[in-house]
Structures are given as structure tokens and as C-alpha cells.
*Asks:* 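A single structure is presented below for examination.
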Amino acid sequence: MTTAIDIQSVTRRFGRTTALSGMSFSAEAGSILGLFGRNGAGKTTIMSIIAGQDRPTSGRVEVLGREPFENESVLSQISYVRDNQRYPDDYKLHHVLRIAPDFAPNWNADVAAELVEGFRIPQKTKIKKFSRGQLSSVAIVLGIAARASVTLLDEPYLGLDITARALFHDVLIRDYAAHPRTIVLSTHLIEEAERLFDRIVIVDRGRVVVDSDRDEVPNLAFTLSGTADAVGRLVRERTVLRSNTIGGLRSVTVRGATDEALAAEARASGVQIAPASLQELVAAFGESEALAPASDSAPEAALTQNGAHS
Amino acid sequence: MNALASAVKLHLNKREATLLVPLYITATVALISVLISLLFWRSGSQPGSAVWIESSQYNPGMLYALIGFLAYLGVQSVSTTFPFALTLGSTRRAFTGGTLLWAVITSAYLAAVFTLLTLIELATDHWFVGFYVFDVNVLGAGDIARLIPIVFLGTLTVLTLGGVFGASWVRFASRGPVVLGAGIAVIVIVALIVLIPVAASIAAAFQLWWLAVASIAIVLLSSIGTWLFLRPAIVR
Amino acid sequence: MFTEDSPLFQQLADKIADDIAAGTYPEETAVPSATDFAVFFHMNPATVSKGVNLLVDLGVLYKKRGIGMFVAHGARQKLHRSRLNDFRAKYVEPLLAEAHVLGIDDEALHTMIFEKEKDQA
């Protein structure tokens with residue numbers, strides 16, 4: 001299996017702010033990787049670097065084997081859907097559709113047309129007058145119809161209604177199945193998208209905290225909920241990622257996998273126990289102080305899981 | 001080479017702005033020139049008389065109208081086009097080169113248009129009624145050999161100057177153009193201070209082609225400036 | 001629809017198996033393509049393939065090159081057998097465990113089952 005995207009210890013500083021701190025992960029060619037984390041965790045910064053629009057302060061990024069920054073041949077194989085895309089003055093939809101094929105060698109006009117129609121993107125209105133959802137739609141058309149080997153989608157759903165989101169998923173999966181490509185998708189709408197991913201990466205404060213096969217997620221953490229006393233007894237020495245107490249009730253997300261013994265104990269104490277869903281996992285790390293790094297090099301703190309068969 | 005061509009195509013993608021709007025502006029100014037000529041005529045001046053010719057040829061309207069629009073075109077060729085170019089996958093190198101190439105193409109286009117219109121004006125003896133629209137001093141007073149460099153280099157200079165201001169904005173947001181403008185003003189003033197003692201002899205020795213050299217220098221400096229601003233720029 | 005309790009590909013295979021057992025996909029007819037399942041469930045095509053291949057390995061589905069996936073002859077029987085095997089673990093054991101928790105003795109349990117069957121007959 002070839003590696004399409006390789007991020008090696010990337011740090012990115014803006015003045016005195018450190019946006020990324022020793023971030024490392026990789027994406028296999030043809031896989032769909034989900035990128036999660038709170039706002040400001042560094043998702044957009046790393047995607048911008050992968051897209052060649054920015055450069056690391058230190059560390060290395062390779063896309064299709066080479067650094068993307070200012071690299072014509074690599075850039076022509078990357079498509080980047082980002083938030084806040086600005087378009088030239090007075091642009092209308094047809095301007096975008098006309099120029100896109102010149103930068104995307106695999107551009108497919110039929111897919112573009114299907115998406116334009118499904119999203120109901122206005123043809124006669126200037127893009128600067130578009131609503132948030134319409135802007136997202138244009139970016140999605142660019143991102144998917146390009147059929148680029150590496151497709152980066154940074155929160156593409158902003159402003160899209162549920163019908164549009166369903167269309168986006170339908171077309172994305174269908175086109176991906178017919179024309180495989182490497183996809184990195186960052187999103188906050190986790191439940192809607194979670195079945196898409198081969199691999200998931202959760203970032204927090206500029207570094208990777210979870211890097212795992214999608215199938216392994218249930219083994220990464222589990223939730224306990226019941227009375228505060230009972231839950232406290234069951235938690236014991238385990239690492240608590242997130243804890244929520246209301247009255248005498250407590251729910252926690254705990255690192256690790258459940259086992260038969262613990263499950264039996266939980267049942268006996270009247271505590272509900274279940275493997276964490278992806279959404280719960282992301283939420284847990286969003287609130288977690290447990291893995292606040294003491295130093296710059298704390299890769300061992302990350303949860304990394306690979307299934308026996310990838 | 002491919003990336004360069006794509007960048008040029010990107011600039012030319014707004015066909016109306018590049019190809020048609022200059023024509024609209026030219027037509028509007030022409031119309032105004034005609035109306036002014038009518039005014040002269042109504043107030044007694046005779047078309048074809050020396051007074052008529054001289055005052056008609058002094059009309060600089062064409063120049064000012066177009067400079068404003070071309071400056072805008074130059075600025076937005078970088079400020080709003082660069083972010084889109086980056087997303088599409090252009091390199092900064094190709095974009096800068098493509099912007100310069102586009103400016104050259106646009107300048108040549110305008111020079112051709114003006115040459116054609118001037119030739120028609122001359123051939124029809126000033127539109128059959130003696131109205132001076134393109135045969136004006138600022139455009140070389142009917143001399144095609146002067147018209148072409150004036151329009152070509154003039155357009156190119158304004159476009160690339162606009163471009164470097166646009167680039168300064170992309171790199172430094174609102175501070176960029178202010179600082180750049182101040183910087184240029186300082187350089188100009190310092191140059192003047194240095195040259196004032198010899199100003200008279202310079203004026204005496206002045207050749208029109210010095211302007212040509214100056215404008216080419218500005219074009220080159222602007223392009224290099226654009227490149228220097230865009231290279232480290234990221235669009236957030 | 002889909003839960004965290006088992007791998008997605010397993011759950012998909014189970015879903016398709018359920019449909020086959022219920023007669024939705026008769027033997028020797030085609031099931032939707034992997035892409036169709038992927039789009040329909042908004043699921044990664046690789047996961048779908050894994051689930052489909054599981055059923056192929058079990059002899060429940062087979063590939064007709066260039067045409068698609070078909071329900072194998074005898075698939076319902078095979079599924080029936082494996083569901084029989086699961087019946088004990090999935091239904092009988094939890095039933096007995098819950099009965100134990102509630103203090104329902106064997107005889108009471110048998111009576112309950114008997115009465116229910118009588119009602120349904």
C-alpha cells in the first residue's frame with residue numbers, strides 16, 4: 001500500500017502562537033481519513049499545509065511522495081475545499097466551472113452538473129452574494145468534480161441543509177467508488193459521516209491524540225453511566241477522558257476497551273457500560289485535560305490502533 | 001509552462017472585465033469628447049480652425065478615465081484572483097508570471113484597439129466632422145509611432161503597479177498598500193531631492209524615450225515586488 | 001440502524017443476510033452492488049466489500065463476473081443453519097439469565113412459553 005499523505009513531526013508557528021506541535025500521521029492511497037477535533041485544534045492549518053497553501057515551520061509534509069509547496073505537478077493532483085474561499089470580483093458560477101478544468105486534469109463536467117443541479121446553485125447571481133450554504137456548494141463542486149488523487153475537504157458542510165448533505169455524501173461515495181482517490185475530510189457532523197472513514201485522526205491543541213482504524217474505535221474508549229458512587233468504583237485506576245456529573249449521576253468516558261469482567265461488574269452495579277461511539281470519543285478528547293502534553297514530544301500519549309487486517 | 005498558461009487563462013477568464021469594459025470606457029469618453037466638441041461648435045468655434053484643433057487636442061479625459069479602471073483591474077488581478085488561484089492549485093511562481101503575461105496581453109490589446117480607432121479617425125478626417133477624439137496630445141497627437149508605446153507601456157505600467165499594491169494587500173492586509181505607498185512616496189521624494197540641483201539640465205536634455213525606460217523599470221520592479229510579496233503569503 | 005457493538009462490515013453482512021433469510025432477495029437473483037450499498041448507507045465502499053466478501057466466503061453470495069453479486073443456491077438453508085447456531089446464544093441464554101434475575105423458576109418459565117404458544121396457535 002502506498003502512502004499518499006505523510007506528515008512527519010510538523011510544527012507551525014504564527015508569531016507567538018503555535019498552531020501545530022509535532023503533528024504526525026499518514027494516509028494510505030485510496031483511503032478515506034476523518035479528521036476531528038475542536039475548533040482551533042489545528043485541522044485547518046494542517047489541511048492547508050497538505051494542500052500546499054502553507055508551509056511547516058519545522059517537520060516535513062509529503063503528498064504523493066513530494067513536498068507540495070510550490071510544486072506544480074503535485075498541486076495539480078490535489079483539490080482543496082476550504083472555508084471562506086474568496087473568488088475574483090464579479091465571478092458567477094459559470095466562471096468557476098469554465099476555469100476549473102485547466103487546473104484539474106481529471107475534471108468531470110457531468111459530476112459537476114449533477115451537483116450544481118442537486119445543490120440548486122444559482123447561475124445568474126454573483127458569487128459574492130451567495131449564502132453560506134451556496135458557497136459551500138460551489139466549493140464542493142470544485143472539490144469532487146476535480147477527481148483529484150488527493151481530495152481535501154475542510155468542513156465542507158457549513159450552511160448545507162440536510163438534503164444537500166445527503167446529496168454530497170451520495171455523490172462523494174459513488175464517485176469515489178468509481179474513481180478511487182485519497183480523501184481527508186474534517187467535520188463536526190460526526191454521526192452523519194462516521195461510516196465513511198477507513199481511518200480516523202483526532203487532533204487537540206496542535207497534536208494528534210488519536211490515530212486509528214475506524215473499526216478499532218470501539219476498543220479505544222468506553223462509557224460508564226450510573227450513580228456517581230458506582231461509577232467511581234468501576235473507574236478505579238483507569239484514565240478518565242471526560243467526566244460529567246449531575247446530581248448523584250455521573251457519566252464518564254474511559255480510555256481502553258471493555259472486557260467481560262468489567263461488563264459483568266457494571267451490570268451488577270446497575271451501571272450502563274458501552275463502547276464509545278466516534279462522536280463520544282471526539283467529545284471526550286475535546287474536553288480532556290488528561291493528555292495535555294508536558295513536552296513537545298509526546299507521541300506515546302496518542303492512542304494508536306491498527307486492526308489485524310487494514 | 002503549463003502552469004503559466006493556466007494562470008494566464010485564469011486572468012482571462014473574466015472576459016468581460018478584460019476585453020469589454022475598456023471598450024465601454026473608451027466609448028464613454030469618446031462620447032463625452034464628442035459632446036464637448038459639440039459645445040465648442042455651438043459656442044461659435046469653427047471645426048478645423050487652429051483654435052479648434054488646439055483645444056480639442058488638449059483633452060486628457062481619455063487618459064484619466066482609463067487609468068482609474070486599469071488601476072482597479074491591476075489591483076484585483078492579484079488581490080482577489082490570487083486566493084482563488086491558490087485554491088485551484090497554481091504555484092506562486094506561475095501566478096506571478098501569468099499575471100505579468102496577462103498584463104502584457106491586455107496592454108497589447110488596448111494598444112491595438114486604440115491604433116485602429118485612431119487610424120479610422122485620421123482616415124475619416126476626424127469622423128467626417130472634424131471631431132478630435134483619439135487624436136489628442138496625451139495619446140501622441142495622431143502619431144501612431146507614439147500612440148502605440150504610450151498606450152502599451154502606459155497600460156502595462158498601471159496594471160503592474162496595481163498588481164503590486166494588490167500583492168501587498170494579500171501579504172499584509174490593510175497595512176500593505178499604505179506602507180507600500182508611503183515607501184514609494186519616500187523614494188520619489190528622495191530622488192527629487194537628489195535631482196533638484198540638476199533639474200534644469202535634465203529638463204533640457206529630456207527625451208521622450210526616457211519615459212519609456214522609466215515605465216519599463218516600474219513594470220519590472222512591480223513584478224519583482226509582486227513576487228516577493230506573494231511568495232511567503234498564505235491566505236487565511 | 002448501525003451500532004458500536006460489532007464491526008460495521010459484520011453488521012452490514014448481517015443486514016444483507018437478514019434480508020436474504022426473509023426472502024427479500026430470492027436465490028439466484030442479484031443483490032444491490034457494493035457501490036449501491038455504500039451510497040445507500042453512507043458507508044465506506046471498502047467496508048461494504050468486506051461485508052459482502054464475508055457472505056461470499058460463507059457461500060451465501062457469489063460473484064458473476066461483469067454482472068454483480070447473486071444470492072447463492074442454498075443460501076437460505078445455510079443462513080438458517082447458522083442462525084440456528086446463534087439462536088441459543090442470542091436468545092435462549094439471555095432469556096434464562098433474565099428469568100434468573102427475576103426469580104422465575106424453570107416450571108413458571110415453561111408455563112409461560114407454553115401459554116404463549118397456545119395463544120399463537
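Just so it is clear, the structure is predicted and the values come from calculations on it, not from any experiment. Just so it is clear, the values below take in all heavy atoms, side chains as well, and ignore hydrogens, waters and symmetry mates. In what follows, chains carry the letters A, B, and so on, assigned in the order in which the sequence lines appear, proteins first and then strands, with residues in each chain numbered from 1.
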*Asks:* Do Val96(A) and Phe84(B) pass the side-chain contact (heavy atoms from CB on, under 4.5 Å) test, and can you show the C-alpha distance, the side-chain angles, and the key distance before you say yes or no?
*Replies:* CA-CA 10 Å; Val96(A) 173; Phe84(B) 188 50; 4.3 Å; yes
*Asks:* Answer with side chain, backbone, both or neither: which region of Ala7(B) has an atom nearer than 4.5 Å to a non-hydrogen atom of chain A?
*Replies:* backbone
*Asks:* Taking CZ in Arg120(A) as the centre, count heavy atoms belonging to other residues, nucleotides or ligands within less than 6.0 Å. Is the count above 12?
*Replies:*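 Atom CZ in Arg120(A) is not crowded, with 12 or fewer foreign heavy atoms closer than 6.0 Å.
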*Asks:* At what distance, to the nearest 0.5 angstrom, does NZ of Lys92(A) lie from CD of Glu16(B)?
*Replies:* 8.0 Å
*Asks:* Given 3.5 Å as the limit, does a donor-acceptor pair link the side chain of Glu70(A) with the main chain of Arg92(B), or not?
*Replies:*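 Looks like yes, one N/O pair under 3.5 Å.
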*Asks:* Please flag which part of Asp83(A) lies under 4.5 Å from any non-hydrogen atom of chain B: side chain, backbone, both or neither.
*Replies:* neither
*Asks:* Answer yes or no: are there more than 12 heavy-atom neighbours, outside Arg98(A) itself, under 6.0 Å from its atom CZ?
*Replies:*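 Enclosed: over 12 neighbouring heavy atoms sit under 6.0 Å from CZ of Arg98(A).
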*Asks:* Does Gln53(A) reach the main-chain N or O of Val235(B) with its side chain, forming a donor-acceptor pair under 3.5 Å?
*Replies:*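 Not a single qualifying donor-acceptor pair exists.
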*Asks:* If you count heavy-atom pairs within less than 4.5 Å of chain B, which of Asp102(A), Ile99(A), Leu75(A) leads?
*Replies:*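 Heavy-atom pairs under 4.5 Å are most numerous for Ile99(A).
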*Asks:* Please look at Phe95(B) and chain A and tell me whether the side chain, the backbone, both or neither of the residue comes under 4.5 angstrom of a heavy atom of that chain.
*Replies:* neither
*Asks:* Identify every side-chain donor-acceptor pair in residues 39-52 of chain A under 3.5 Å, counting partners at least two apart or on other chains, and give the distances.
*Replies:*
| unit_1 | atom_1 | unit_2 | atom_2 | d |
| --- | --- | --- | --- | --- |
| Asn39(A) | OD1 | His188(A) | NE2 | 2.8 |
| Lys43(A) | NZ | Gly37(A) | O | 2.7 |
| Lys43(A) | NZ | Arg38(A) | O | 3.1 |
| Thr44(A) | OG1 | Asp154(A) | OD2 | 2.7 |

*Asks:* With a 4.5 angstrom heavy-atom cut-off, which part of Asn84(A) approaches chain B: side chain, backbone, both or neither?
*Replies:* neither
*Asks:* Quick one: do Phe82(B) and Arg86(A) satisfy side-chain contact (heavy atoms from CB on, under 4.5 Å)? Show the steps, please.
*Replies:* CA-CA 9 Å; Phe82(B) 178 69; Arg86(A) 286 210 306 281; over 6 Å; no
*Asks:* Heavy-atom pairs under 4.5 Å with chain A are the metric here; pick the option from Ser77(B), Ala94(B), Ala233(B), Ser90(B) that has the most.
*Replies:*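 Among the listed options, the one with the most contacts to chain A is Ser90(B).
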*Asks:* side-chain contact (heavy atoms from CB on, under 4.5 Å) between Tyr91(A) and Asn13(B): does it pass, once the steps are laid out?
*Replies:* CA-CA 9 Å; Tyr91(A) 249 44; Asn13(B) 196 33; 2.9 Å; yes
*Asks:* Are the side chain of Ser6(B) and the backbone N or O of Phe103(A) linked by a donor-acceptor pair below 3.5 Å?
*Replies:*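 Looks like no, no N/O pair under 3.5 Å.
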*Asks:* Show the numbers, then the answer: is there a side-chain contact (heavy atoms from CB on, under 4.5 Å) between Ile234(B) and Arg55(A)?
*Replies:* CA-CA 9 Å; Ile234(B) 55 166; Arg55(A) 251 191 308 194; over 6 Å; no
*Asks:* Hey, could you give me the CG/CD distance between Leu88(B) and Gln85(A), rounded to the nearest 0.5 Å?
*Replies:* 7.5 Å
